[in-house]
Amino acid sequence: MAQHAPGTGTQEAVRPDSGRIVGVDVARALAVFGMFTVHLGVGASGLLSDPAMETLHDLARGRSSALFAFLAGVSIALLSGRTVPLTGPPLHRAAARILVRAVILALLGGLLDLLDTPIAIILAYYGGFFLLALPLLRLRAPALAAIAVGIGLLGPQVSYLLRSVLGEEGARQGSIGGITDLLLTGYYPVCTFMAFVVAGMAVGRLDLRAVSTRVGLAVTGLGLVLLGYGGSWVLLRPLGVLDRLVVAEMTAYGYYGPGDTAFLSDADLGPLRAWMVEQIASLHGTVPTTSPLWLLVASPHSGTSFEVAGATGTALMVLAACLVAADLLGRGLYPLFAAGSMALTLYTGHILVLAVTDADYGPLSGCPLEAFVVGGLLFATLWRALLGRGPLERALAVVGEAAARNVAPEPAVPRSAPRKPGV
C-alpha cells in the first residue's frame with residue numbers, strides 16, 4: 001500500500017523520489033521474513049543450529065503476523081492523511097483505494113488458499129481488516145488508540161463468550177471458512193487482529209519523524225510487553241494458574257472427577273504441567289472454551305488480551321528501532337526497504353514456491369530459510385532499482401487509482417490567466 005509522506009518538511013527516513021517512509025518498509029520486510037520463518041518450520045535453516053532456529057521460530061510465531069497487521073494500520077493512516085485525516089473528496093478517493101485493496105486481497109487470499117499449502121494465509125483476513133477500517137479514517141490518534149485498547153480488552157472476552165455459546169466447530173478445512181472465522185474462530189480473527197490494525201492507524205497519525213514519537217513508541221512498547229507477556233507469566237507460574245488450568249482441563253475431559261485432583265502431588269503434576277505448556281504453545285488463533293483460565297495465557301495465536309498487549313508492544317518497539325535504523329544507515333538498508341515495499345509480492349511468491357516445491361508441512365529439502373530470504377532480498381532489490389513498484393503492488397495501485405477517479409475526480413488545475421499588455 002502506498003505510504004504518503006508529510007506534505008511539508010524533509011527527513012532522512014523518507015525517500016524523496018517515492019514518498020515512502022523507509023523505516024516502515026524495513027519493519028514490513030522483517031514481518032514478511034518472520035512469516036517465512038514460521039511457515040518453513042524449525043528445521044528449515046541451512047546455517048543456523050537447531051536450537052537457534054527453534055528460538056528464531058518461537059520469536060517470529062504470532063508476532064510477525066501481528067506486526068504485519070499493525071503495519072497495515074500504519075499504511076492506512078498514511079494513505080488517509082497521516083497526522084491530519086483527510087476530509088471531503090480526498091477522503092472519498094482514499095476510501096476507494098482502500099476498498100479496492102480489501103476486495104482484491106480477499107480474492108487473492110481465497111485463490112492462494114485453493115493451492116492447499118499447509119499455511120494459514122492471512123490475505124483474506126487482511127481484506128476484512130481493511131474493510132472494517134473504513135469507518136475509522138476520519139479519526140485522530142487519541143480516538144484510534146482508545147478503540148485499539150477497547151478491542152484488545154473486550155474482544156478476546158466477547159469471543160470466548162460467543163464461542164462458548166456457539167460451540168467449537170472442530171478442525172478447519174482452510175485458512176478461512178466464512179464470516180464466523182473472520183470475526184471469531186479463524187487463525188487471525190477480527191476480535192484480536194483489529195486491535196493491531198487500529199493501533200497501527202493510531203501510530204500512523206503521529207509524526208514519525210519526531211524523536212519524542214520514537215521514544216514514546218519504544219517506551220510504550222516495552223511497557224506493553226511487560227504487561228502482556230510478563231503479566232501472564234506471573235499469573236501462570238508464581239500465582240499458580242498453570243496448575244489450576246491443568247486441573248480444569250483434566251476435569252473437563254473426564255480424566256478426574258470433582259475433588260479427585262485435590263490429592264495430586266508435585267510428582268503427579270510435573271508431567272501434566274509439561275503437557276499443558278505444550279497445549280498453550282500450540283494454539284491457532286483462539287483459546288479453548290473449556291475454562292476461562294485460558295484467557296490468562298499469552299502464547300502466540302492465543303488471541304487473549306495478554307497476547308494482544310505483548311504483540312502490540314513488540315510491534316511498537318520494532319517500528320521505533322526500524323525508524324531509527326533507517327535514519328542512521330540510510331541506503332545500507334535498501335534491500336530491506338525494497339523487500340518491504342513489495343511485501344504482498346514476496347508473501348504471494350513464497351506461497352507459490354511452497355505449493356510448487358512441496359505440499360507437505362515441514363522443512364523443504366533444498367529450500368532452506370536462507371534461500372527464501374536471500375532470494376526475496378535479491379528479487380526485491382533488482383526489481384525496485386530497475387522497475388519501481390512490485391508487480392502486485394503496481395496492479396493494486398492502478399486499479400485503486402481508477403476507482404478513486406471514478407468516485408471523486410481530481411480537480412482540474414486552473415491555468416494562469418495571460419497578463420494584459422502593459423500590466
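Heavy-atom basis, side chains included; hydrogens, waters and symmetry copies ignored.
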| Hey, are the side chains of Thr286 and Thr192 touching, using non-hydrogen atoms and a 4.5 Å cut-off? | no

| query | Side-chain contact, heavy-atom cut-off 4.5 Å: Met53 with Leu369? | reply | yes

| remark: Leu139 and Ile147 have their tightest heavy-atom pair at CD1-CD1, 3.5 Å

| task | Determine whether His57 and Val38 make a side-chain contact, defined as any pair of heavy atoms from C-beta on separated by less than 4.5 Å. | result | yes

| field | Parallel, tilted or perpendicular, as decided by the 30° and 60° cut-offs, for the rings of Phe193 and Phe196 | value | perpendicular

| task | Compare all side-chain heavy atoms of Ile21 with those of Arg82 and state whether any distance is below 4.5 angstrom. | result | yes

| Parallel, tilted or perpendicular, as decided by the 30° and 60° cut-offs, for the rings of Tyr188 and His301 | perpendicular

| said: A side-chain contact here means heavy atoms from C-beta on lying under 4.5 Å apart; do Leu115 and Leu354 qualify? | reply: no

| task | Please round to the nearest 0.5 Å and tell me the distance separating atom OG1 of Thr314 and atom CG of Leu222. | result | 10.0 Å

| request: Enter the distance from Met342:CE to Thr381:OG1 here, rounded to the nearest 0.5 Å. | output: 8.0 Å

| request: Keeping the roles fixed (side chain from Arg384, backbone from Phe337), state whether a donor-acceptor pair exists under 3.5 Å. | output: no

| task | Check whether any side-chain N or O of Arg205 sits under 3.5 Å from a backbone N or O of Ala77 as a donor-acceptor pair, and report yes or no. | result | yes

| query | Is there a donor-acceptor pair under 3.5 Å between the side chain of Tyr126 and the backbone N or O of Gly109? | reply | no

| Test item: side-chain donor near acceptor, Gln279 and Trp294, under 3.5 Å | no

| message | Applying side chain to side chain contact (heavy atoms under 4.5 Å, CB included) to Leu59 and Thr37, what does each step give before you reach the verdict? | response | CA-CA 10 Å; Leu59 289 173; Thr37 303; over 6 Å; no

| Quick one: does Thr304's side chain have a donor or acceptor within less than 3.5 Å of a partner on Val297's backbone? | yes

| task | Go through Leu336 and Asp25 one step at a time and tell me if the side chain to side chain contact (heavy atoms under 4.5 Å, CB included) criterion holds. | result | CA-CA 7 Å; Leu336 283 173; Asp25 280 312; over 6 Å; no

| request: Identify the heavy atoms of Ala309 and Gly228 that sit nearest to each other, and give their distance. | output: CB-CA, 3.9 Å

| If you measure from CG on Leu293 to CG on Asp243, what distance do you get to the nearest 0.5 Å? | 11.0 Å

| field | Approximate separation, where rounding is to 0.5 Å, of Leu182 CG and Met194 CE | value | 10.0 Å

| query | Tell me, do Leu352 and Leu112 make a side-chain contact under 4.5 Å, heavy atoms counted? | reply | yes

| N/O donor-acceptor pair under 3.5 Å between Ser80 side chain and Ala94 backbone | no

| message | To check you understand the geometry: which heavy-atom pair defines the closest contact between Phe306 and Gly231, and what is its length? | response | CE2-C, 4.1 Å

| field | Student check: side-chain heavy atoms of Leu108 and Leu344 closer than 4.5 Å | value | yes

| query | For the side chain of Ser175 and the backbone of Ile119, is there at least one donor-acceptor N/O pair under 3.5 Å apart? | reply | yes

| Taking all non-hydrogen atoms of both residues, which atom of Val32 and which atom of Ala343 are closest, and how far apart? | CG2-CB, 3.6 Å

| request: Kindly say whether Pro51 contributes a backbone atom to a donor-acceptor pair with the side chain of Thr55 at under 3.5 angstrom? | output: yes

| task | Identify the two heavy atoms, one from Leu67 and one from Ala27, that lie closest to each other, and give their separation to 0.1 Å. | result | CD2-O, 3.7 Å

| request: Step by step, work out the side chain to side chain contact (heavy atoms under 4.5 Å, CB included) result for Tyr187 and Ile122. | output: CA-CA 8 Å; Tyr187 290 96; Ile122 198 174; over 6 Å; no

| request: Verify the distance criterion only: is there a donor paired with an acceptor across the side chains of Ser341 and Glu393 at less than 3.5 Å? | output: no

| request: Say whether, by atom type as modelled, one donor and one acceptor occur between the side chain of Ser305 and the main chain of Gly152 under 3.5 angstrom. | output: yes

| message | For the CG atom of Asp58 and the CD atom of Glu54, what is their distance to the nearest 0.5 Å? | response | 5.5 Å

| So, Asp327 and Arg214, do they make that salt bridge, N to O below 4.0 Å? | yes

| field | Closest non-hydrogen atom pair, Val26 against Cys322 | value | CG1-SG, 3.8 Å

| task | Could you go through the side chain to side chain contact (heavy atoms under 4.5 Å, CB included) check for Tyr125 and Asp181 one step at a time? | result | CA-CA 9 Å; Tyr125 293 91; Asp181 274 357; 4.1 Å; yes

| Any chance the rings of His350 and Tyr347 have centres within less than 6.0 Å? | yes

| request: Keeping the roles fixed (side chain from Glu249, backbone from Leu245), state whether a donor-acceptor pair exists under 3.5 Å. | output: no

| query | Under 3.5 Å, is there a donor-acceptor pair linking the side chains of Arg389 and Thr345? | reply | no

| query | What is the distance from atom CG of Asp207 to atom OG1 of Thr83, rounded to the nearest 0.5 Å? | reply | 7.0 Å

| field | Note, Leu323 side chain near Thr213 side chain (heavy atom, < 4.5 Å) | value | no

| task | With Leu136 as reference, evaluate Val198, Val197, Ile76 under the side chain to side chain contact (heavy atoms under 4.5 Å, CB included) test and give the passing residue. | result | Val198

| Side-chain donor or acceptor of Arg61 paired with backbone N/O of Ala281 under 3.5 Å | yes

